[in-house]
2 protein chains.
Amino acid sequence: MNSENLDLVFSALSDATRRGILANLAKGERTVHEITAAFDISQPAISRHLRVLDHAGLVRREKRGRETYVMASAETAAHAADWLAHYVNFWTAHFERMDQILFSNEE
Amino acid sequence: MNSENLDLVFSALSDATRRGILANLAKGERTVHEITAAFDISQPAISRHLRVLDHAGLVRREKRGRETYVMASAETAAHAADWLAHYVNFWTAHFERMDQILFSNEE
DNA sequence: CGAATCCATAACCATGTTGTTATGAATTCA
DNA sequence: TGAATTCATAACAACATGGTTATGGATTCG
């Protein structure tokens, strides 16, 4: 996952409505109509949130008839989670080393 | 970690410069001056990026004399990583269930 | 076919973000 | 003390974001 993708993914995740949409998709695919009904904003606003999530690779959209089904796409989120976990591990390891250095009894 | 915190954390992570700063801090604390030298933008721009990271809880700043030392704060990032991992697991588990349903031989 | 439904896009407005330069407070150095 | 260094903040410009309403294409229903 390159830097531009991380921009898109984290930016997409930085909005509570979009995280709410992703939470809605945890139980399975939903139509745009169903998603719109679950929030207090207009359908065009939902459509744009979905475009942002789609562009970030966090959801896929499939048009079937006049309905568009939206489903979570776990892989991209997994990459972002890996990126974050990598740094968390790095920092934690560093602090543990610092703890060893600062508080070691074996000096 | 509440929704507002997640807004701040993911928003902070959505900028390549800020992720670069965090990468710089993986090896230990840095002064604002050192961080500024590592990027091609002005010192005030760096200061504001640091404020965003600080506000999100991703770094801490300590003033010592006339220098401000910046260090990564792993805990907040860990919470965000957990949040993400939770959904990744949820989606993946769902898809695995779907796979079982769709491709099971035990019907 | 005509009406209704589903959804995307355009146009617009208010607000937020990210860069810049200018400036000044606090600290250190000579 | 005077000069230099470090850093934060203010003010501004350019652009991005997120909401709205209006609209129209595609599909389905009667």
Side-chain angles (χ1 to χ4, degrees), chain A residues 3-25 28-73 80, chain B residues 3-25 28-73 80:
Chain A
S3 184
E4 197 175 332
N5 289 137
L6 285 173
D7 280 13
L8 294 175
V9 173
F10 286 129
S11 179
L13 291 172
S14 72
D15 181 274
T17 299
R18 285 192 290 267
R19 291 196 304 277
I21 291 172
L22 292 176
N24 259 264
L25 298 176
E29 65 186 16
R30 293 278 181 274
T31 67
V32 175
H33 182 70
E34 290 169 335
I35 295 168
T36 300
F39 294 88
D40 278 340
I41 59 179
S42 65
Q43 172 267 313
I46 293 289
S47 269
R48 202 155 40 173
H49 282 306
L50 291 174
R51 188 167 58 185
V52 171
L53 289 167
D54 189 347
H55 195 207
L58 290 169
V59 305
R60 287 186 304 113
R61 288 185 285 181
E62 275 182 28
K63 187 149 197 166
R64 300 184 204 145
R66 65 180 163 180
E67 294 178 323
T68 298
Y69 285 80
V70 183
M71 58 216 76
S73 179
Chain B
S3 184
E4 197 176 333
N5 288 137
L6 286 172
D7 280 12
L8 294 174
V9 173
F10 286 128
S11 179
L13 291 172
S14 72
D15 182 274
T17 299
R18 286 193 288 267
R19 290 196 305 275
I21 291 172
L22 291 176
N24 259 265
L25 298 177
E29 63 185 18
R30 295 277 180 275
T31 67
V32 174
H33 183 68
E34 290 169 334
I35 295 168
T36 300
F39 294 88
D40 280 339
I41 59 178
S42 65
Q43 172 266 315
I46 293 289
S47 269
R48 201 154 39 171
H49 282 306
L50 292 174
R51 188 168 56 183
V52 171
L53 289 167
D54 188 346
H55 194 206
L58 290 168
V59 305
R60 286 186 305 113
R61 288 184 285 182
E62 276 182 28
K63 188 150 198 165
R64 300 184 205 146
R66 66 179 163 182
E67 294 178 322
T68 298
Y69 286 80
V70 183
M71 58 216 76
S73 180

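Predicted model only: the values in this text are computed from it and were never measured.
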Between [N] atom [atom2] and [X] atom [atom1], what is the distance in whole Å?
X: I21(B); N: dG19(C); atom1: CD1; atom2: C1'; answer: 14 Å
X: L50(A); N: dC6(C); atom1: CG; atom2: C1'; answer: 13 Å
X: L8(B); N: dG16(C); atom1: CG; atom2: P; answer: 13 Å
X: R30(B); N: dC7(D); atom1: CZ; atom2: P; answer: 13 Å
X: I46(B); N: dC7(D); atom1: CD1; atom2: P; answer: 11 Å
X: D54(A); N: dA8(C); atom1: CG; atom2: P; answer: 9 Å
X: F39(A); N: dC7(C); atom1: CZ; atom2: C1'; answer: 17 Å
X: R51(A); N: dC6(C); atom1: CZ; atom2: P; answer: 21 Å

Spatial distance of atom [atom1] ([X]) from atom [atom2] ([Y]) [nearest 0.5 Å]:
X: H33(A); Y: R66(A); atom1: NE2; atom2: CZ; result: 9.5 Å
X: L58(A); Y: L22(A); atom1: CG; atom2: CG; result: 6.0 Å
X: N24(B); Y: I35(B); atom1: CG; atom2: CD1; result: 6.5 Å

Flag side-chain contact, heavy atom, 4.5 Å: [X] against [Y]:
X: D7(A); Y: R19(B); answer: yes
X: E62(B); Y: M71(B); answer: yes
X: S47(B); Y: R51(B); answer: no

Problem set entry | First of A45(A) and E67(B) reached from the 5' end of DNA chain D, by closest nucleotide | E67(B)
Please list, pair by pair, any protein nitrogen or oxygen found under 3.5 Å from a nitrogen or oxygen in nucleotides 12-18 of chain D.
from    : atom 1 : to     : atom 2 : distance (Å)
dG18(D) : OP1    : R18(A) : NH2    : 3.2
dG18(D) : OP2    : R18(A) : NH1    : 3.2
dG18(D) : N7     : R48(A) : NH2    : 3.4

For this session: Give a yes or no answer on whether the side chain of R18(A) reaches the backbone of A12(A) with a donor-acceptor pair at less than 3.5 Å.
Result: yes
For this session: Give a yes or no answer on whether the side chain of S11(B) reaches the backbone of L8(B) with a donor-acceptor pair at less than 3.5 Å.
Result: no
Does [N] have OP1 or OP2 sitting under 4.0 Å from an N or O in the side chain of [X]?
X: R61(B); N: dA8(D); answer: yes
X: S42(A); N: dT20(D); answer: yes
X: S47(B); N: dC7(D); answer: no

Exercise. Among H49(B), R61(B), R60(B), which residue meets the side chain to side chain donor-acceptor pair (under 3.5 Å) test with D54(B)?
Worked result: R61(B)
Seminar exercise, completed: A correct 5'-to-3' footprint of nucleotides 22-30 of chain C, with B, S and - meaning base, sugar-phosphate only and no protein heavy atom under 4.0 Å, is B----BS--
For this session: Determine the contact category for T36(A): base if any of its heavy atoms lies under 4.0 Å from a base atom, sugar-phosphate if only primed atoms, P, OP1 or OP2 are that close, otherwise nothing.
Result: nothing
